[in-house]
J.: 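Could you have a look at this structure, given as structure tokens, before my questions?
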Amino acid sequence: MTAELRTDATPLDPAALRADFPILDQQVFGHPLVYLDSAATSQKPQAVIEAMDAYYRQDNANVHRGIYQLSERATAAYEGARAKVAALIGAPDPRTVIWTRNATESINLVAYTWGRKNIHRGDAIILTEMEHHANLVPWQILTQEQDGDLEFIPIDDDGVLRLDVFEVLLRLRPKLVAFTHVSNTLGTINPVKEMTRMAHEAGALVLIDGAQAVPHVPVDVADIGCDFYVFSGHKALGPTGSGVLWGRRELLEAMPPFMGGGDMIREVHLRRSEWNDIPWKFEAGTPDISAQIGLGVAADYLRNLGMDRVREHERELVAYALETLAREIPGIELYGPPADIRGGVVPFNVPGVHPHDVAQVLDRFGVAIRAGHHCTMPLHERLDLAATARASFGVYTTKADIDALAAALREVQRLFA
Ligand code: C6P
């Protein structure tokens, strides 16, 4: 299924892995594609594409309904994917893995169900200044509706969370602390286990946004000790439309359902209904069956690579990128913490050139990056930046990709000189 076999001692060989990702083998404006936007969405290995194709060619049927072979095969693949994802994130029980469409929906699910039941007037929720809008706006909606309060852990100038201030904020006895595992904009890897311990000591529950962590660093929800953990499949080598909410069993069982309809019920009468068991209680309507099957294959693919090796590969790439860009691009502004505590994300600005112009010129050289506020407007405000350009990496990113980025950035500077 992959060009590589996992052996923990050997480093990842991204050049060999690229053979598994058919999309990478193409030219853009006459240049080989250099894909440096994996934080927005990752590319998909052949194994994921084939699994989805096979589902539609051989097994397409609705799940949990039919008493015939196709439906039984579809149901087995769909439910089997839960166990694969549970294994990737260290979830002790696959039934605590809820399928959603993406990280955004997972966070909204918790805000609408747990939140409306548990957050009342004056209750505090603590977030951080570096949150993606997906882990900010649902809590704004909730606290505005329920008359609760939001507080924020600030960052220092390198984009590292001020745990000393967090400690003080915890005296507010918040009901929930919600934070990102890895920042999508600065790449900061937060000390999630320590933060979870601190929050629990203050009596709060903990939700972790793992959208930028699951594809890049080892994740073990049992070891972290958190209460909810969410991520998007499409950033983790899986298809769009696949997402995950993991939660502690007792919490999920006590939460009211999110949406009403088929599959989430046990019994329906004209004036009342009884809910299904978890995870199905939260999965109303026909789900995105092929997407979740694809995500299961992606989870196996990542596990097969070994997440320690993936992390080491990206740490090395970040160190190489910071060094190469600082050396090759005079005046470049680089943001974020050192490579040791940073995922595969490198935000920057070329002085005198708007990041959108940077991205547009890079595209002419086949280099795909993102430019803008990356759905972290408050973080950009805090850093006093209107926008940034961002290169982000995946398992298939090579040092040659970073060299190509540096070469194209020299052209940007020449053009705008
Ligand atoms: N960040 C980026 O380019 P969805 O859209 O639900 O799949 O993911 C939302 C999300 C939540 N948390 C974090 C930390 C994220 O990075 C993202 C998505 C993309 O950075 C698209 S804005």
Side-chain angles (χ1 to χ4, degrees), residues 35-44 85 89 98-112 127-141 152-153 155 159 161 178-190 192 195 206-217 219 226 228-246 258 288 291-292 294-295 298 314 335-337 342-348 355-356 359 368-380 383 385 387-394 397:
Y35 186 74
L36 294 175
D37 199 18
S38 292
T41 198
S42 71
Q43 299 302 349
K44 323 301 174 199
V85 166
I89 61 169
I98 315 291
W99 294 138
T100 63
R101 283 181 306 148
N102 47 43
T104 302
E105 184 173 298
S106 302
I107 296 167
N108 276 279
L109 190 161
V110 177
Y112 276 88
L127 310 174
T128 83
E129 281 181 345
M130 66 168 74
E131 293 316 305
H132 186 280
H133 300 164
N135 197 28
L136 170 58
V137 179
W139 306 118
Q140 290 176 345
I141 295 172
F152 298 90
I153 309 172
I155 56 165
L161 290 175
F179 49 85
T180 192
H181 192 159
V182 176
S183 159
N184 70 316
T185 300
L186 298 171
T188 317
I189 302 175
N190 290 319
V192 287
M195 291 173 72
V206 171
L207 179 144
I208 299 178
D209 174 358
Q212 300 292 349
V214 171
H216 305 290
V217 299
V219 171
C226 57
F228 299 107
Y229 195 98
V230 311
F231 71 99
S232 293
H234 72 93
K235 295 184 200 287
L237 312 187
T240 48
S242 63
V244 171
L245 162 65
W246 173 82
F258 183 31
D288 197 338
Q292 307 299 14
L295 178 56
E314 292 187 13
Y335 313 106
R342 188 201 292 229
V345 176
V346 176
F348 60 91
H356 282 140
I369 62 155
R370 190 170 170 195
H373 54 63
H374 319 301
C375 299
T376 53
M377 286 178 90
L379 175 62
H380 279 76
L383 296 171
L385 294 168
T388 47
R390 181 190 70 179
S392 57
F393 312 143
T397 308

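When a ligand or atom number is given, it counts from 1 through the structure's own listing order. Note that the structure is a prediction, hence the values are computed from the model and not measured.
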J.: When you measure from the side chain of Glu131 to the backbone N and O of Thr180, does any donor-acceptor pair fall under 3.5 Å?
T.: yes
J.: Quick one: nearest non-hydrogen protein atom to atom 16 (O) of ligand 1, plus distance?
T.: Gln212 NE2, 2.7 Å
J.: Show which atoms of ligand 1 fall inside a sub-4.0 Å distance from at least one heavy-atom site of Cys375.
T.: 22 (S)
J.: Do the ring planes of His133 and His373 sit parallel (below 30°), tilted (30 to 60°) or perpendicular (above 60°)?
T.: tilted
J.: Quick check: does any side chain N or O of Ser392 sit under 3.5 Å from a backbone N or O of Ser38, one acting as donor and the other as acceptor?
T.: yes
J.: May I ask you to check whether His234 has an N/O atom sitting below 3.5 Å from an N/O atom of ligand 1?
T.: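 Looking only at distances, the answer is yes, because the N/O contact criterion of under 3.5 Å is met.
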J.: If we set the cut-off at 4.0 Å for heavy atoms, which region of Thr104 has an atom near ligand 1: side chain, backbone, both, or neither?
T.: both
J.: Using heavy-atom distances only, which candidate in Arg370, His374, His133, Glu131 approaches atom 22 (S) of ligand 1 most closely?
T.: Arg370
J.: On a heavy-atom basis, I'd like to know which of Thr180, Thr240, Asp209, Asn102 is closest to atom 12 (N) of ligand 1.
T.: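 Residue with the shortest heavy-atom distance to the ligand atom: Asp209.
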J.: Test your reading of the model: is there a side-chain donor-acceptor pair from Ser232 to the backbone of Ala103, 3.5 Å cut-off?
T.: yes
J.: Does either side chain, that of Thr185 or that of His374, offer a donor lying less than 3.5 Å from an acceptor on the other one?
T.: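 The criterion, which ignores hydrogens and geometry beyond distance, is not satisfied for His374 and Thr185.
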J.: Can you pull out the closest protein heavy atom to atom 1 (N) of ligand 1? Residue, atom name and distance to 0.1 Å, please.
T.: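 Atom 1 (N) of ligand 1 sits closest to the protein heavy atom Lys235 NZ, 2.9 Å.
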J.: What residue and atom, counting heavy atoms only, is the protein's closest point to atom 15 (C) of ligand 1, and at what distance?
T.: His132 CD2, 3.3 Å
J.: Which is it for Arg390 and ligand 1 at heavy atoms under 4.0 Å: side chain, backbone, both or neither?
T.: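 Side chain only; the backbone of Arg390 stays clear of ligand 1.
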J.: Atoms of ligand 1 less than 4.0 Å from Ser232 heavy atoms?
T.: 4 (P), 6 (O), 7 (O), 8 (O)
J.: Do His380 and Thr388 have a side chain donor and acceptor closer than 3.5 Å?
T.: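 Short answer, yes.
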J.: Examine distances only and state if a side-chain atom of Tyr35 and a backbone atom of Asp37 form a donor-acceptor pair shorter than 3.5 Å.
T.: yes
